[in-house]
K.L.:
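First, the structure itself, so that you have it in front of you.
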Amino acid sequence: NAGVTQTPKFRILKIGQSMTLQCTQDMNHNYMYWYRQDPGMGLKLIYYSVGAGITDKGEVPNGYNVSRSTTEDFPLRLELAAPSQTSVYFCASSYSQGGGEKLFFGSGTQLSVL
Amino acid sequence: EDKVVQSPLSLVVHEGDTVTLNCSYEVTNFRSLLWYKQEKKAPTFLFMLTSSGIEKKSGRLSSILDKKELFSILNITATQTGDSAVYLCAVWSGGSNYKLTFGKGTLLTVNP
């Protein structure tokens with residue numbers, strides 16, 4: 001079982017470059033999420049999606065964009081990378097969001113912006 | 001603003017010790033509390049608690065929720081080096097728009 005798959009695992013960007021973090025899940029989950037985790041901090045929600053074609057901002061959306069064209073895929077786009085975006089990024093999914101769902105996480109992308 | 005506070009932030013113990021990790025919360029319209037274990041990579045799910053006073057148990061790990069005092073504890077007995085990880089607490093809250101708030105985590109190091 002693949003679960004939630006993220007690529008790449010590591011990436012170094014120069015300031016101003018763009019990149020897309022890929023996320024795909026094979027559990028037919030409706031809900032998908034992007035989080036960032038800075039050292040010593042909890043996970044902060046960047047964007048989430050409740051289904052194909054529907055996305056919404058989380059706590060820290062500035063500098064990021066997302067799309068959800070299929071149930072399986074939820075890519076995260078960084079348009080103009082900044083050092084403040086150096087972080088570990090996690091994609092997650094859940095079947096629903098009734099306030100009682102567990103999230104399944106991908107293995108993360110370590111991103112450095114220099 | 002919803003808050004989830006974990007303590008201690010880090011802890012070093014020896015194999016065989018018993019540890020208790022704490023998670024307190026202040027949220028609007030509590031729904032459930034989740035515990036995750038995070039080693040080098042993805043957080044993996046441990047427990048979900050919704051009812052006060054009911055212990056969830058899995059092997060050497062157990063957890064309980066106190067909805068009156070707004071906290072949960074995660075106990076690990078007879079610790080092993082493989083228990084070394086960051087333990088994350090998260091709380092679902094809200095009415096029609098649900099929100100999951102994470103604490104900063106407790107870094108547990110188990111030395112042989």
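So that the names make sense, note that chain A is the first sequence line, chain B the second, and so on, each numbered from 1.
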K.L.:
Checking A:Tyr64 against A:Tyr89: is there a side-chain donor and acceptor pair closer than 3.5 Å?
P.N.:
yes
K.L.:
Any carboxylate oxygen within less than 4.0 angstrom of a Lys/Arg side-chain nitrogen, looking at B:Lys3 and B:Glu1?
P.N.:
no
K.L.:
Rounded to the nearest 0.5 Å, what separates atom NZ in B:Lys104 from atom CD in B:Gln6?
P.N.:
10.5 Å
K.L.:
With a 4.5 Å cut-off on heavy-atom pairs, point out which of A:Gln37, A:Glu59, A:Lys44 contacts chain B the most.
P.N.:
A:Gln37
K.L.:
Under a plain distance cut-off of 3.5 Å, with no hydrogens placed, do A:Ser87 and A:Asp38 share a side-chain donor-acceptor pair?
P.N.:
yes
K.L.:
Less than 4.5 Å to any heavy atom of chain B: does that hold for the side chain of A:Leu45, its backbone, both, or neither?
P.N.:
neither
K.L.:
How long is the straight-line distance from CG of B:Asn75 back to OG1 of B:Thr20, given to the nearest 0.5 Å?
P.N.:
3.5 Å
K.L.:
How far does CG of B:Leu100 sit from CH2 of B:Trp92, to the nearest 0.5 angstrom?
P.N.:
5.0 Å
K.L.:
Quick check: under 4.5 Å, non-hydrogen atoms only, which of residues 30-69 of chain B neighbour chain A?
P.N.:
B:Arg31, B:Ser32, B:Leu34, B:Tyr36, B:Gln38, B:Lys41, B:Ala42, B:Pro43, B:Phe45, B:Met48
K.L.:
Sort A:Gln6 into side chain, backbone, both or neither according to what part of it lies under 4.5 angstrom from a heavy atom of chain B.
P.N.:
neither
K.L.:
Under a plain distance cut-off of 3.5 Å, with no hydrogens placed, do B:Thr79 and B:Asp17 share a side-chain donor-acceptor pair?
P.N.:
no
K.L.:
Would you compute the distance between atom CD1 of A:Ile46 and atom NZ of A:Lys57 and round it to the nearest 0.5 angstrom?
P.N.:
13.5 Å
K.L.:
Give a yes or no on whether the ring-centroid distance for A:Phe90 and A:Tyr33 is below 6.0 angstrom.
P.N.:
no
K.L.:
If I take atom OH from residue B:Tyr98 and atom OH from residue A:Tyr48, how far apart are they, to the nearest 0.5 angstrom?
P.N.:
12.0 Å
K.L.:
If I take atom CH2 from residue A:Trp34 and atom CE from residue A:Met32, how far apart are they, to the nearest 0.5 angstrom?
P.N.:
8.0 Å
K.L.:
Listed by residue number, which members of residues 101-114 of chain A have a heavy atom under 4.5 Å from any heavy atom of chain B?
P.N.:
A:Glu101, A:Lys102, A:Leu103, A:Phe105, A:Gly106, A:Ser107
